[in-house]
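Since we're looking at a predicted model, the values are computed, not measured.
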Amino acid sequence: DASVSADDVTLALDNTTAKIVAVTVPEGLEVNYTVVDSAVISVADDGAITPLKVGTTTVTITTKADGVYAVNSTTITVTVNKIVTSIQVSTDPISLRVNENTDIGASLIPADAGNLTYASSNEGVVKVVDGMIIAVGEGTATVTVSFAGNANYTEAEDKTITVTVSLNDASVSADDVTLALDNTTA
């Protein structure tokens, strides 16, 4: 009798190189792949897997009838996981003066995964509007950068940026004034 075996496969939604490696005894027998949930993956004749959506399905691998060996099969599980994301922060810490602003300098990888969200620990010191840090008052605040994930992408680990805001320099100037003893106006 012929036999066929293969290992379960786990891959990310963006993996384009995953393949089912079917081992037959005797070696070299042709096999067919039957996917239970074809919305999750497709499998080419050579075992190459194309992930279509996040999920789990089973694949039955069957030796082809060749008139010499009895047909045999095995079933494996293929799991398609979300694409892993991360956040990069280009500047931490940041120093600003009241009424200054700067780009937050954070990016999501991969960039097309979705949108970052921002939260200030003290909006009396800094606010974040459209990816810009705006200094509104003296002090220190932490800006938390987040990505919650979605159907195809994992939640990213939060990153924080420490922002210190100082007051603007102030100066006072005056012209010298000479007063005469009998004159009370300058």
Side-chain angles (χ1 to χ4, degrees), residues 7-20 35-44 47-59 76-177 186:
D7 293 330
D8 291 342
V9 179
T10 300
L11 67 152
L13 188 58
D14 62 346
N15 185 322
T16 59
T17 61
K19 191 172 186 176
I20 298 170
V35 179
V36 171
D37 187 350
S38 59
V40 175
I41 63 166
S42 65
V43 179
I49 300 170
T50 301
L52 303 173
K53 74 173 194 174
V54 173
T56 300
T57 188
T58 57
V59 178
I76 65 167
T77 301
V78 178
T79 303
V80 178
N81 292 325
K82 293 180 178 186
I83 299 167
V84 175
T85 63
S86 64
I87 297 170
Q88 283 188 335
V89 173
S90 61
T91 307
D92 178 44
I94 294 175
S95 296
L96 296 172
R97 294 191 182 273
V98 173
N99 294 326
E100 288 183 335
N101 62 64
T102 187
D103 184 82
I104 200 158
S107 56
L108 179 61
I109 299 171
D112 64 348
N115 296 316
L116 293 171
T117 58
Y118 313 99
S120 172
S121 65
N122 186 344
E123 291 205 347
V125 176
V126 295
K127 292 182 180 181
V128 182
V129 178
D130 297 328
M132 295 294 290
I133 296 174
I134 302 168
V136 294
E138 183 180 25
T140 300
T142 300
V143 174
T144 302
V145 185
S146 304
F147 176 67
N150 55 42
N152 295 327
Y153 295 91
T154 62
E155 177 180 356
E157 180 180 341
D158 289 353
K159 297 289 181 170
T160 58
I161 302 168
T162 301
V163 182
T164 302
V165 178
S166 55
L167 295 174
N168 292 301
D169 292 334
S171 62
V172 175
S173 64
D175 293 331
D176 290 336
V177 175

Legend entry - side chain to side chain donor-acceptor pair (under 3.5 Å) partners for T16, two or more places apart: none

From [X] atom [atom1] to [Y] atom [atom2], the distance as rounded to the nearest 0.5 Å:
X: E155; Y: N150; atom1: CD; atom2: CG; value: 11.0 Å
X: Y153; Y: I83; atom1: OH; atom2: CD1; value: 4.0 Å
X: T144; Y: K159; atom1: OG1; atom2: NZ; value: 12.5 Å
X: T140; Y: I94; atom1: OG1; atom2: CD1; value: 12.5 Å
X: S120; Y: I161; atom1: OG; atom2: CD1; value: 11.0 Å
X: T142; Y: D92; atom1: OG1; atom2: CG; value: 8.5 Å

Legend entry - 4.5 Å side-chain heavy-atom contact, T10 and D8: no

Inset, instruction - Side-chain contact test, heavy atoms from C-beta onward, threshold under 4.5 Å: evaluate it for K82 versus N152 and give yes or no. - result: no

Which donor-acceptor pairs under 3.5 Å do the side chains of residues 99-112 make with protein atoms, sequence neighbours left out?
residue : atom : partner : partner atom : Å
E100    : OE1  : R97     : N            : 2.8
D103    : OD2  : G105    : N            : 2.8

Can you give me the closest heavy-atom contact between [X] and [Y], atom names plus distance?
X: S42; Y: L52; answer: N-CD1, 4.1 Å
X: V80; Y: A12; answer: CG1-C, 4.3 Å
X: S166; Y: E138; answer: CA-CG, 4.4 Å
X: L13; Y: P51; answer: O-CG, 3.3 Å

With a sphere of 6.0 Å drawn around [atom1] of [X], does it hold more than 12 non-hydrogen atoms of other residues, nucleotides or ligands?
X: K127; atom1: NZ; answer: no
X: D7; atom1: CG; answer: no
X: D130; atom1: CG; answer: no

Inset, instruction - Establish, from distance only, whether the side-chain atoms of N115 and T117 form a donor-acceptor pair under 3.5 Å. - result: no

Inset, instruction - Tell me, with the steps shown, if T162 and T160 meet side chain to side chain contact (heavy atoms under 4.5 Å, CB included). - result: CA-CA 7 Å; T162 301; T160 58; 5.6 Å; no

Legend entry - Positive for side chain to side chain contact (heavy atoms under 4.5 Å, CB included) with V36, one of V78, V59, T57: T57

Legend entry - Backbone of T85 reached by a side-chain donor or acceptor of T154 within 3.5 Å: yes

Inset, instruction - Check whether any side-chain N or O of T79 sits under 3.5 Å from a backbone N or O of T56 as a donor-acceptor pair, and report yes or no. - result: no

Inset, instruction - Could you go through the side chain to side chain contact (heavy atoms under 4.5 Å, CB included) check for I20 and I49 one step at a time? - result: CA-CA 7 Å; I20 298 170; I49 300 170; 3.7 Å; yes

